[in-house]
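Because the structure is predicted, anything quoted here is derived from the model rather than measured. Chain A is the first sequence line, chain B the second, and so forth, proteins listed ahead of strands; every chain is numbered from 1.
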Amino acid sequence: MSRSQAQTSARASRQWLAAQSREVRGWLSLAIAAGVIGGLATLAQLGLMAWLISAVVVHDTALVTLWPYAVALAGAVIVRGLAQWLQETSGLEAGLRVKADVRAQVLDQLAALGPVHLAERHSAGSTAQLVDQVEALEGYIARYVPQATLAVVLPLIFLGVAFSLDWLAASFFLIAAPLIPLFMALIGMGAQRLNEQQFQAMTRLAGHFLDRVRGLTTLQLFGRTRQATEEVTAVADDYRRRNMKTLRVAFLSSAVLEFFASVSIAVIAIYIGFGLLGYIQFGPADQLTLFSGLFLLFMAPDFFQPLRLLAQHYHDRASALGAAEGLRTLLSQTPPQGPRMESLGSELDDTVPLRARLTDVSVAHAGRGRVLGPLDFVITDGEVVALVGPSGTGKSTLLQVLAGFVDAESGGVALRTETSVAWLDQRPFLMQGTLAENLRLVAPDASDDRLREALIAAQLGDLLSALPEGLDTSLGERGLGLSGGQASRLALARVFLSDAPLVLLDEPTASLDPDSEQRVIEGLTQLAAQGRTLVIATHHPAVMGMADRVLRLEAGQLHSQDAPASSEALS
Amino acid sequence: MKEPTSMQGSTRKALGPWLRLMGERRARLLFGALLMLATLLFAIGLLTLSGWFITATALTGMTLAAGGAATLDVFTPGSGIRFFAVGRTAARYAERLYNHDTVLRLLADIRGRTFAGLSRLSGRELARYRAGEWLNRLTADIDALDNLYLRLLAPPLVGLLAILVVGGILALAMPALGGVLLAIMLPLWVIVTLGMAVAGRGPSARRVETLERLRVRALEHLQGLAELRTFGVLGAHRERVEREQRALLDDQRRLGRRAALGNALVTLTVQGAAVAILCLALLAFAAGKLSAPVASMLPLAVLALNEGLAMLPGAFVQLGATRTAAARLNAEAATSLRDEAEGSLTSAEAPSITFEAVTLRYPGMGTTPALEDVNLHVEAGERVAVLGPSGSGKSSLAQLVVHAFDPDAGSVQLAGQDLRSLAPQALHSRLAYLTQHTELFHASLRDNLRLGLPVDHGLEEADVESALWQALWIVDLDDWARELPHGLETWVGEAGRQLSGGQARRVALARVILRDAPLVLLDEPLAGLDAATAVTVAERLDTWLDGRTVLMFAHRRDALPRCDRALVL
């Protein structure tokens, strides 16, 4: 990516983040208001403390007569504590709400984009977006955004008070305060690049570790675990040595902040001290009193505090910007529209109604050109159609078009009104939960008996009877591991439970042994017997054998349409 | 997860091994904490001395203005103030740099230790872990420990020392003031460390688990999108995702509110203490027990404590999460510690393999065993094919031979010796096993191949080189490797992704060949190879396999090199 592109995308990410924070501006305003009240209470507290010292030390007032001021002082401290609590909890609420809101947006978008667009990204990557990237927004919204305002407003209020006390002392603040962001920006620019490098190195380090963990079985078999352990430590140590270089620069920004805060306090203390002694013959120094001097000194650390907090929250901003980049790209993609629903009649010379009609359909993938079409054909109700042809010829794409996961670039795809679709592919979806939960996903109200019938129809009856806990057997990481063939048949059982008239199957028998394959085909035959329309992409002759029609695709185009017998002759 | 009965006990148990590991760097940790303390003390010194100076100069100035005679040494405090200002900056910079160096050293230690623990896991556990989100969880757990020192160890210690130092300064001026400060601040310290840990214990431990469940549900949601969407039940599953999210947000809200309460308490107490010390100091001044400059500098010392305590509530409210992560890592490393036998194989010749009435069950499969009463004898130097459909127990048979786990009944013997009596090293140095799942490492092709060499091969580099090329020739990759722009230095991507499936398979096979072992197990050795290559590789393998005891596994016999006999499962 070129530099200007990177800048444009960084700006777009900032705008996206700003739009998200507008959704919770009520909570953010509350946080900012609480921060301002806390700042005012701080001023009141520090002023009263200076005033008390001055009254007792300079004016010899008895402390007991000053009790109303002491009470006010206690009040200011309490207000300060409450305001801080309110600021934090309001910011927190804003952050949590944004997370819930963005997660809902991402879930909506993922659902709309569908599995094909998703397959272009790694599913673990999309999970990370939904979970970790959204988590990364909280710190930014909850802490950075309110603090960014407070870091401007509070020093200005303090500055105003300081000016009314002694304009020369106040101008030390004035000089130091803008210098801090300036220097930090200068260092920050360098540090940002270093940070990115560090992030990459960290990713590589984590990658190396996970890679070796993933391959532990192999390392064990080759007796190399001790060597690999040493290597893991050595790589992490090498990472440390290289990173200390970057950190030496990165930490300069906090040193600069610390330097200005410390030096300002020192300069103000020495200026006030010499002013009070009458050593300073110019400016407002002769107006200084113990009260104004102490007040200015007390103020100095709190003047810099909002800026220091902002610097502490700076990494929240960096990680939110990183997350925003990915989330924004995901949310801006256009989802497919899916097929039109039409009241398809029957073809002229046929009394059987149509289930689907494709007119001049072609599909293109970015970077690969046209992968399918132009295609022109109809599928009648109750038909079993096998899609065959070499891999990469568009069989899966055709199924995806029918399912509405991909839009045709040109031409029309129509399904008969109220056609719902059932889908089965090579990698059936298993959820952590019981067997029954996995089935009820598609038919929430189905009785246990119906679930059993569906399992039997999908040729899983003998597995079910072998399980002591039956339908309540857990599947997944800690439970029963299903073989590939069993998982395919479980997906088939789901199809039996749904009443979808159009069933789309992508290689339902791929990587199954002949016995499992035969069982799946028996299941499919039963489905067809229920009058459902089946469209099956397949390589297997046995599956082609059960089809009413075999559509042979080559390079995305319809090569031939045959009855199964003649297709076997062809192949 | 179960609520522990005693939090302190379970925290010590969970974090104990990691604290001991950190203890090996005691000196560094201590020095880092001292730097933190120095930064804080410089800040206290700067404010306190400034307050003293201003009051002192004000009083001297008033005396001079009233025509009195007074002198004040302005240079010593002036240079003291400058010293503290510069010192604070320098200490802060040094502290951050030094402590991050320490944290990165600890990171190397923690990873090394975790890896050593994991590398003792048995094959069955590794197979279980490979599925699902275990790797993500492992990363998150290790990350939680990386920051243990910087968040939970050094800051409370430094905070406590700072309280004692400020208490000491106050006590020097007036013992009672020091007592008052400690009476206020020590309970606060206990509340913001232990109290916060207790307040956050439930939700922070739960948060870790909920986040993981959310991750699992989210992954399901995405992997099942095609089916969920077409069946029109996306909303129902989405409700499961949202439920986990709500639970997570609720816990985060609880934790955030408790931390906010802790932070507000720190502000309230530190500022309140400053006000109290101010009033007491002024009373002491009025009674003539304290000078004015000292009376006005003491509250400033108290105010500076805020910096040392402000970060504690937020860190300690999350202690439960760190403890959970540590406990999980402990558990994962500890499950694996099986007793390792010492026995070795007596002969370097090809061994025979014997299965005697072997039964194997997998958890979750109830009463149906994966293998039931299997008897099998393979002669030394014999070549046997094991055939059967997927799920028939081929891989289980192989796993038993390499002693990835023990059978539930019966025994497996190599050259007449029960596997349970053999040291893992003795067994692994005698066998080469091509697993069904191809595992290549993110490293150069050469490093991936060299992994196969016997650990103590004792070969000259030139001999190693010719062995590598010989192995590549057998799997028919030598020409391909010679034409690579970087040759054997070519980087093989994550899980070997920059190679095609067939190439990755053959690299794994070459690695097995390099082992030059008398016992060879090949699970689907020719899978994913085109017909012509399969024939070439099968012929060359045939010669190489001569004189070794060989078990081969496949769906069908024609997918294997020549063998003496075949068994069907």
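- If you tally non-hydrogen atom pairs under 4.5 Å between each of Leu46(B), Thr60(B), Leu49(B) and chain A, the highest count goes to Leu46(B).
- Put simply, of Leu73(A), Val267(A), Asp237(A), the one with the most heavy-atom pairs under 4.5 Å next to chain B is Leu73(A).
- Contact annotation: the side chain of Arg88(B) approaches that of Ile265(A) to within less than 4.5 Å [non-hydrogen atoms, C-beta and beyond].
- Using a 4.5 Å cut-off between heavy atoms, Leu265(B) does not touch chain A at all.
- Counting heavy-atom pairs closer than 4.5 Å to chain B, the top residue among Leu290(A), Thr218(A), Ile268(A), Leu441(A) is Thr218(A).
- For chain B, the option among Gly273(A), Ala83(A), Ala422(A), Ser498(A) with the highest count of heavy-atom pairs below 4.5 Å is Gly273(A).
- The parts of Glu258(A) that come within reach of chain B are both its backbone and its side chain, each placing non-hydrogen atoms under 4.5 angstrom from that chain.
- Taking 4.0 Å as the cut-off between side-chain N and carboxylate O, Asp250(B) and Arg246(B) do not count as a salt-bridged pair.
- Of the charged side-chain nitrogens involved, at least one lies within less than 4.0 Å of a carboxylate oxygen, so that Glu95(B) and Arg92(B) count as a salt-bridged pair.
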Step-by-step side-chain contact (heavy atoms from CB on, under 4.5 Å) determination, Phe84(B) to Leu47(B): CA-CA 9 Å; Phe84(B) 283 133; Leu47(B) 270 182; over 6 Å; no
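- Looking at Pro301(A), only its side chain comes within 4.5 Å of chain B, counting heavy atoms on both sides.
- With a 4.5 Å cut-off on non-hydrogen atoms, Leu427(B) does not touch chain A at all.
- Between Phe53(B) and Phe274(A), the two ring planes are tilted [angle within 30° to 60°].
- When Ala116(B), Gly87(B), Ala432(B) are compared by the number of non-hydrogen pairs under 4.5 Å with chain A, Ala116(B) comes out ahead.
- Between Asp101(B) and Arg105(B) there is a salt bridge, since a side-chain N of the basic residue sits under 4.0 Å from a carboxylate O of the acidic one.
- For Arg240(B), the part lying near chain A is the side chain, with the backbone staying farther off; criterion is any non-hydrogen pair under 4.5 Å.
- Contact of Ala100(A) with chain B is made through backbone and side chain together, with heavy-atom distances under 4.5 Å.
- With salt bridges taken as basic N to acidic carboxylate O contacts below 4.0 Å, one links Arg103(A) and Glu135(A).
- Between Phe441(B) and Leu219(A) the shortest side-chain heavy-atom distance falls below 4.5 Å.
- Listed by chain and residue number, Glu93(A) satisfy the salt bridge (charged side-chain N to carboxylate O under 4.0 Å, His left out) test with Arg257(B) (two or more places apart in sequence, or in another chain).
- The contact between Leu278(B) and chain A is made entirely by side chain atoms (from C-beta outward), counting heavy-atom distances below 4.5 Å.
- When heavy atoms are compared at a cutoff of 4.5 Å, Arg241(A) does not approach chain B at all.
- The choice from Thr267(B), Asp109(B), Val74(B), Asn263(B) that makes the most heavy-atom pairs within less than 4.5 Å of chain A is Asn263(B).
- For chain A, the nearby parts of Leu268(B) are the backbone and the side chain; heavy atoms of each come within less than 4.5 Å.
- How far OG1 of Thr217(A) is from OH of Tyr433(B): 9.5 Å, rounded to the nearest 0.5 Å.
- Top candidate by heavy-atom pairs under 4.5 Å with chain A, chosen from Leu64(B), Leu248(B), Leu249(B), Ile142(B), is Leu249(B).
- Within the 4.5 Å cutoff, side-chain heavy atoms of Phe115(B) are placed close to those of Leu216(A).
- Of the two parts of Glu227(B), the backbone and the side chain both hold a non-hydrogen atom closer than 4.5 Å to a non-hydrogen atom of chain A.
- For Ile110(B), no part sits under 4.5 Å from any heavy atom of chain A, backbone or side chain.
- Around CE of Met62(B), the count of heavy atoms belonging to other residues, nucleotides or ligands within 6.0 Å exceeds 12.
- For Arg96(B), the parts lying under 4.5 angstrom from a heavy atom of chain A are both the backbone and the side chain.
- Residue Val241(B) touches chain A through its side chain alone, counting heavy-atom pairs closer than 4.5 Å.
- Comparing Val421(A), Thr233(A), Thr225(A) by how many heavy-atom pairs each has under 4.5 Å with chain B, the most go to Val421(A).
- Interface remark: of the candidates Arg82(B), Glu242(B), Arg217(B), Arg217(B) forms the most heavy-atom pairs closer than 4.5 Å to chain A.
- Of the atoms belonging to Val495(A), heavy atoms from both backbone and side chain fall under 4.5 Å from chain B.
- Inter-residue side-chain proximity for Arg229(B) and Trp423(A) is flagged as unmet; no heavy-atom pair is nearer than 4.5 Å.
- Only the side chain of Leu234(B) comes within contact range of chain A, judged by heavy atoms closer than 4.5 Å.
- Listed options Leu300(B), Thr435(B), Leu107(B) were ranked by heavy-atom pairs under 4.5 angstrom with chain A; first place goes to Leu300(B).
- Interface summary for chain B: among Met244(A), His208(A), Glu469(A), the most heavy-atom pairs under 4.5 angstrom belong to Met244(A).
- Contact of Ile54(B) with chain A is made through backbone and side chain together, with heavy-atom distances under 4.5 Å.
- Interface residue Ser296(B): backbone and side-chain heavy atoms are both found under 4.5 Å from chain A.
- Annotation: the span from Leu504(A) atom CG to Gln400(A) atom CD amounts to 10.5 Å, rounded to 0.5 Å.
- Proximity to chain B involves both the backbone and the side chain of Arg248(A), based on heavy atoms less than 4.5 angstrom apart.
- Residue Phe285(B) qualifies as enclosed at atom CZ: its count of foreign heavy atoms under 6.0 Å is above 12.
- Counting only heavy atoms from C-beta outward, the side chains of Ile53(A) and Met49(A) never approach each other to under 4.5 Å.
- Of the two parts of Leu453(B), the backbone and the side chain both hold a non-hydrogen atom closer than 4.5 Å to a non-hydrogen atom of chain A.
- Atom CG of residue Asp238(A) and atom CG of residue Leu104(B) lie 11.5 Å apart, to the nearest 0.5 angstrom.
- Contact of the Glu138(A) side chain with the Leu92(A) side chain is registered, since non-hydrogen atoms from C-beta on lie closer than 4.5 Å.
- Contacts of Ala74(A) with chain B are absent, with no heavy-atom separation under 4.5 Å from either backbone or side chain.
- Heavy atoms closer than 4.5 Å to chain A are found in the side chain of Arg515(B), but not in its backbone.
- Contacts between Gln45(A) and chain B at a heavy-atom distance below 4.5 Å involve the side chain alone, from C-beta outward.
- Two residues are said to be in side-chain contact when any heavy atoms from C-beta on lie closer than 4.5 Å; Leu86(A) and Leu82(A) fail this criterion.
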